[in-house]
Amino acid sequence: MAKKQAAGRRYWLFKSEPESYSIDHLERDSQTFWAGVRNYQARNFLRDDIQVGDGVLFYHSSTEPMAIVGAMEVVKAGYPDHTAFDPKDHHYDPDSDPKSPTWYMVDVRFARKFAVPLTRDALKAQKGLEKMVLLQKGSRLSIQPVTAEEWRIIEELAKNSGKSGAHKG
DNA sequence: GCCAACGTTGGC
DNA sequence: GCCAACGTTGGC
C-alpha cells in the first residue's frame, strides 16, 4: 500500500503556453498525453502521485491574459514519456533510457472549458488562494498540486463568472 | 524585451 | 560536495 494510497481524488494544475497547446486544442482532441515535462519535481508528480480520476486545472502561461481556462481529468497514470526517445522530437533527451526512463507523462481528457478565463489577476485577488503554488513568487513548476479547498474555490469562481458573464456587470 | 528566480552542469 | 556559470522559465 505504499504507493497507491486509497485517498480520495486529488487535484493538480498543469501549465501550457497556448501557442503550443491550448484548451481549445484539448477540446478538439478530447484527450491527449501530457508530454515534454523535463523537470524532476514535476516528473515525480507525474510518475508517483497523479492517479486516474484526479482533477487537473488547465493554465495558460506566458500569454495575455494568463489564466486558468478549464479543467481536465486524468485517464491514465504515469508512464514513460516516449518523446524523450525520439531524436526528431523537440523534447528528445538522449540520457533517458527506454529501459529506465527518466521522464514520465500522464493522459488527460478534456472536462470543460470555463465560460470566462480565471485570470491570474483575478486569482491573486481571490481570498483563499494566497498559498496557491501558481501564485508564489518565482514558482516555475509546470505540474503542481492544488488543494481540495483551492479546487473548490476555483470551481465556484468558474461557475459564478460564467453566470455573470451572461448579463455583464 | 527584460530580468529574477530557479534548476542544472561542470570545474575544482 | 561546493558553488560559479550557464540556460530556461515565465511574470512583468
Side-chain angles (χ1 to χ4, degrees), chain A residues 10-29 32-50 54-72 74 77-108 110-147 149-151 153-158 161 165:
Chain A
R10 281 185 286 181
Y11 305 100
W12 309 92
L13 178 146
F14 292 3
K15 292 182 191 171
S16 179
E17 298 190 12
E19 290 72 22
S20 67
Y21 198 82
S22 72
I23 187 82
D24 294 321
H25 292 123
L26 180 61
E27 183 167 22
R28 177 199 63 196
D29 299 341
T32 193
F33 48 87
W34 204 269
V37 174
R38 297 292 179 266
N39 166 283
Y40 286 101
Q41 199 179 345
R43 185 281 310 270
N44 291 346
F45 287 134
L46 290 168
R47 188 189 57 188
D48 304 333
D49 299 319
I50 299 178
D54 284 359
V56 183
L57 299 170
F58 196 133
Y59 178 77
H60 282 175
S61 66
S62 297
T63 190
E64 186 55 44
M66 291 174 276
I68 296 173
V69 291
M72 333 180 240
V74 177
Y79 65 105
D81 181 344
H82 56 75
T83 67
F85 309 140
D86 177 3
K88 292 189 296 294
D89 195 283
H90 180 243
H91 298 290
Y92 176 55
D93 178 4
D95 294 337
S96 184
D97 176 0
K99 294 196 187 85
S100 173
T102 309
W103 306 114
Y104 281 72
M105 59 189 183
V106 299
D107 289 356
V108 287
F110 177 83
R112 64 199 167 281
K113 180 177 171 176
F114 293 160
V116 177
L118 302 179
T119 65
R120 186 176 182 86
D121 287 345
L123 297 169
K124 279 196 282 198
Q126 178 61 40
K127 194 161 177 293
L129 299 183
E130 298 85 358
K131 300 233 177 98
M132 266 195 96
V133 177
L134 180 72
L135 302 179
Q136 301 314 300
K137 187 172 150 76
S139 169
R140 306 191 318 194
L141 256 190
S142 62
I143 303 290
Q144 50 182 257
V146 169
T147 68
E149 177 65 4
E150 287 161 354
W151 178 273
I153 292 171
I154 286 162
E155 289 277 83
E156 192 80 2
L157 269 180
S161 55

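Atom CD of A/Q41 and atom P of C/dT8 are 20 Å apart (whole Å). What separates CD1 of A/I143 from P of C/dG10 is a distance of 10 Å, to the nearest Å. The distance from atom CG of A/L141 to atom P of B/dA5 is 17 Å, rounded to the nearest whole Å. Protein atom CD of A/Q136 is 10 Å distant from nucleotide atom P of B/dC6, rounded to whole Å. Between the CG atom of A/N39 and the P atom of C/dG10 there is a distance of 9 Å, given to the nearest Å. Between the C1' atom of C/dG10 and the CZ atom of A/F14 lies a distance of 18 Å, rounded to the nearest Å. Summarising the geometry, the separation between CZ on A/R38 and P on B/dT8 is reported as 13 Å, rounded to the nearest angstrom. Here C/dG10 presents its P atom at 9 Å from CD of A/Q144, a figure rounded to the nearest Å.
Note on A/K137: a side-chain N or O is less than 4.0 Å away from OP1 or OP2 of B/dA5. Regarding contacts with the backbone of C/dT9, every side-chain N or O of A/Y59 stays at 4.0 angstrom or more from both OP1 and OP2. In this structure, A/K15 reaches the C/dG10 phosphate: one of its side-chain N or O atoms is under 4.0 Å from OP1 or OP2. Under 4.0 angstrom from either OP1 or OP2 of C/dC12 there lies at least one side-chain N or O belonging to A/R120.
For A/K113 and A/D24, the salt-bridge test passes: some basic side-chain N is under 4.0 Å from an acidic carboxylate O. By the 4.0 Å N-to-carboxylate-O rule, A/E155 lies close enough to A/R112 to be salt-bridged with it.
Listed here is the closest heavy atom pair of A/E150 and A/G128: CG-O, 4.3 Å.
Of the N and O atoms on the side chains of A/D107 and A/W34, not one donor lies less than 3.5 Å from an acceptor on the other residue.
Listed nucleotides C/dT8, C/dG11, B/dA4 differ in distance to A/R140; the shortest reach to its side chain belongs to C/dT8.
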